[in-house]
Enquirer: 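Quick one: this structure, given as structure tokens, is what I'll be asking you about.
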Amino acid sequence: MAKRNIGTSCVQGGYRPGNGEPRQIPIIQSTTFKYDTGEAMGKLFDLEASGYFYSRLQNPTADTVAAKICELEGGTAAMLTSSGQAANFLAIFNLCGAGDHFISCASIYGGTFNLFSVTMKRMGIDVTFVSPDATEEELQAAVRPETKAVFGETIANPALKVLDIERFAGFSHKNGLPLIVDNTFPTPVNCRPIEWGADIVTHSTTKYMDGHGSAVGGAIVDSGKFDWTRYPERFAGLCTPDESYHGITYTERFGLAGAFITKATAQLMRDLGVTPAPMSAYLLNLGLESLHVRMKRHSESAVKIAEYLEKHEKISWVCCPSLPSCKDYALAQKYLPNGSCGVISFGVKGGRAAAGAFMEKLQLVAIETHVADARSCCLHPATTTHRQLSDAELVACGVSPDLVRLSVGLEDAEDLIADLEQALAQV
Ligand SMILES: *Cc1c(COP(=O)(O)O)cnc(C)c1O
């Protein structure tokens with residue numbers, strides 16, 4: 001069949017029912033699966049046959065949805081996880097162990113920053129943070145003999161920095177390293193990092209993919225393009241026998257297309273169990289069916305609202321990657337020509353106090369730590385998530401005291417603008 005367009009994959013990808021089978025994906029709410037002989041089941045345990053035996057490792061509903069996300073991103077294999085945090089953890093931990101090191105962009109989601117800088121450090125895995133604007137020399141200076149991967153976000157949450165994926169892929173590959181890109185904010189509807197050289201793509205599906213604030217989840221997609229076997233010592237976990245599976249070697253048995261995801265499932269899901277519930281996978285699929293329609297609306301409304309705010313006398317600055325006034329406009333034009341996402345940020349004149357007062361007057365837009373939902377929401381980091389920091393400390397971590405993050409939902413943009421208008425009038 002001819003290559004499908006993205007909207008068709010959103011609706012029908014991953015699942016093709018046979019004659020008389022359910023049109024919607026079945027929810028296989030079963031922890032376990034039945035076999036006629038112990039021998040048949042033993043083959044599954046040895047990875048000699050593929051099939052389901054215990055939902056901590058794999059579940060058919062989750063796999064159906066993973067196959068859709070795989071198709072959307074243009075990968076060769078994919079898996080769902082219980083959260084975006086779990087997806088980024090597994091993606092790195094599948095390559096790094098104690099004593100290893102990886103490089104990450106500094107402007108990333110706060111939860112991921114903490115995972116990398118605190119929790120993974122406690123496991124003996126070291127990280128070096130680099131600026132997404134770092135020069136080639138600065139990037140090169142971060143590479144060590146024990147470096148295993150490079151990580152960044154296509155559009156950073158909440159800084160809204162756009163990653164120069166092609167440049168980071170070139171740097172990574174020159175050093176024999178895979179580039180892992182968290183593509184949560186644009187989703188594959190607005191950007192497909194694999195087409196620009198990314199090797200592994202991760203998601204917090206909790207955001208736009210689910211899109212309705214219903215289910216926490218994550219996903220990992222492998223492009224199948226990174227040749228682990230060129231660096232068998234660096235990627236020993238993929239290229240040498242796994243004694244916990246009777247000595248199979250993932251790259252030999254599953255090829256480049258399947259080695260990474262099979263290892264993450266067979267070892268890490270088996271041992272860590274960060275698996276999604278079948279019902280959560282089903283809810284995620286409902287969201288995915290309209291992802292292409294929703295992303296267009298989110299992105300267009302965000303631009304309309306950013307343009308309105310730019311002209312408002314009480315607003316000091318606006319950041320929306322799709323607007324020419326944004327520092328990353330050129331990168332957004334290259335990587336996100338059809339729109340970036342629904343999240344924008346802006347400053348209210350009068351700083352911390354004015355921003356807080358403005359938000360309390362909003363009626364349609366709710367104050368939440370969430371983003372990327374059908375319902376518009378906003379957050380003032382200086383008085384909530386970052387309230388313990390002084391103004392100077394805030395600026396140092398890229399969050400100005402007046403910054404309001406607005407996640408533009410699917411309501412009519414005119415109504416959202418009216419809400420912003422009445423709130424600004426009261427500041
Ligand atoms: C929210 C988020 C995460 C974490 O995902 P959870 O589903 O909340 O665990 C990771 N990366 C980005 C870019 C996010 O926005």
Side-chain angles (χ1 to χ4, degrees), residues 62 65-66 69 73 79-93 102 104-120 127 129 132 149 151-163 165 168 179-191 193 198 200-221 272-277 280-281 283-284 287-288 291 295 298 302 321 328 335-336 340-345 368-373 377-379 381 384-386 398-399 405-409:
V65 183
I69 295 175
E73 287 289 7
M79 67 198 286
L80 297 190
T81 58
S82 55
S83 68
Q85 289 295 99
N88 283 328
F89 174 64
L90 293 198
I92 301 278
F93 200 58
F102 66 102
S104 172
C105 281
S107 57
I108 53 171
Y109 173 65
T112 312
F113 191 91
N114 201 70
L115 169 70
F116 290 174
S117 61
V118 180
T119 300
M120 292 187 76
V127 61
F129 290 108
F151 180 93
E153 289 176 8
T154 315
I155 304 177
N157 174 13
L160 303 178
K161 280 285 312 166
V162 180
L163 184 69
I165 303 173
F168 268 74
L179 176 64
I180 303 172
V181 173
D182 181 331
N183 197 35
T184 296
F185 267 20
T187 82
V189 171
N190 282 346
C191 180
I200 309 286
V201 173
T202 60
H203 280 279
S204 165
T205 62
T206 317
K207 311 296 166 52
Y208 289 113
M209 283 191 167
D210 172 290
H212 300 79
S214 303
V216 173
I220 308 174
V221 182
L272 300 170
V274 283
T275 195
S280 295
L283 290 170
L284 168 58
L288 289 169
L291 184 66
M295 285 313 290
H298 279 295
D328 285 345
Y335 294 107
L336 308 153
S340 47
C341 63
V343 183
I344 61 172
S345 59
E368 289 173 29
T369 53
H370 193 46
V371 285
D373 188 324
C377 56
C378 66
L379 179 76
T384 54
T385 50
H386 296 60
V399 177
R405 181 182 71 185
L406 175 64
S407 172
V408 177

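In each ligand, atom 1 is the first atom listed, and ligand 1 is the first ligand listed. Here, residue 1 is the first one in the sequence, and each next residue gets the next number.
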Enquirer: Within less than 4.0 angstrom of ligand 1, does A156 place any heavy atom?
Expert: no
Enquirer: Could you find the nearest protein heavy atom to atom 5 (O) of ligand 1 and give me its residue, atom name and distance?
Expert: S204 OG, 3.0 Å
Enquirer: Out of curiosity, L283 CG to L288 CG, how far, rounded to the nearest 0.5 Å?
Expert: 11.0 Å
Enquirer: Using modelled atom types and a 3.5 Å cut-off, is there a donor and acceptor pairing between side-chain atoms of T205 and backbone atoms of G217?
Expert: yes
Enquirer: Taking only heavy atoms of G217, which atoms of ligand 1 are found under 4.0 Å from at least one of them?
Expert: 7 (O)
Enquirer: For V216, is at least one N or O under 3.5 Å away from an N or O on ligand 1?
Expert: no
Enquirer: Quick one: does ligand 1 sit under 4.0 Å from the side chain of T205, the backbone, both or neither, non-hydrogen atoms only?
Expert: neither
Enquirer: Got the closest protein heavy atom to atom 9 (O) of ligand 1, with its distance?
Expert: Q85 N, 2.9 Å
Enquirer: Tell me the protein heavy atom at minimum distance from atom 15 (O) of ligand 1, and give that distance in Å.
Expert: K207 NZ, 2.7 Å
Enquirer: Quick one: salt bridge (charged side-chain N to carboxylate O under 4.0 Å, His left out) partners of K161, sequence neighbours excluded?
Expert: D133, D328
Enquirer: Around atom 11 (N) of ligand 1, find the nearest protein heavy atom and jot down its residue, atom name and distance.
Expert: D182 OD2, 2.7 Å
Enquirer: Quick test: of every protein heavy atom, which one is nearest to atom 7 (O) of ligand 1, and how far off is it to 0.1 Å?
Expert: T206 OG1, 2.6 Å
Enquirer: Is any N or O atom of N157, backbone or side chain, closer than 3.5 Å to an N or O atom of ligand 1?
Expert: yes
Enquirer: If I take atom CG from residue N190 and atom OG1 from residue T154, how far apart are they, to the nearest 0.5 angstrom?
Expert: 10.5 Å
Enquirer: Hey, could you give me the CG/CZ distance between L179 and F151, rounded to the nearest 0.5 Å?
Expert: 9.5 Å
Enquirer: Under 4.0 Å from a heavy atom of S83: give me the atoms of ligand 1 that qualify, with their elements.
Expert: 7 (O), 9 (O)
Enquirer: Check each atom of ligand 1 against the heavy atoms of E153 and keep those under 4.0 Å away; list them by number with element.
Expert: 13 (C)
Enquirer: For a quick test of reading the model, state the closest non-hydrogen atom pair linking S107 to A159 and the distance between them.
Expert: CB-CB, 4.3 Å
Enquirer: Using atom types as modelled, flag every donor-acceptor pair under 3.5 Å from a side chain in residues 79-87 to any protein atom, sequence neighbours excluded.
Expert:
unit_1: T81; atom_1: OG1; unit_2: S83; atom_2: O; d: 2.8
unit_1: T81; atom_1: OG1; unit_2: A87; atom_2: N; d: 3.4
unit_1: T81; atom_1: OG1; unit_2: G218; atom_2: O; d: 3.4
unit_1: S82; atom_1: OG; unit_2: V274; atom_2: O; d: 3.4
unit_1: S83; atom_1: OG; unit_2: Q85; atom_2: N; d: 3.4
unit_1: S83; atom_1: OG; unit_2: A86; atom_2: N; d: 3.0
unit_1: Q85; atom_1: NE2; unit_2: G111; atom_2: O; d: 3.1

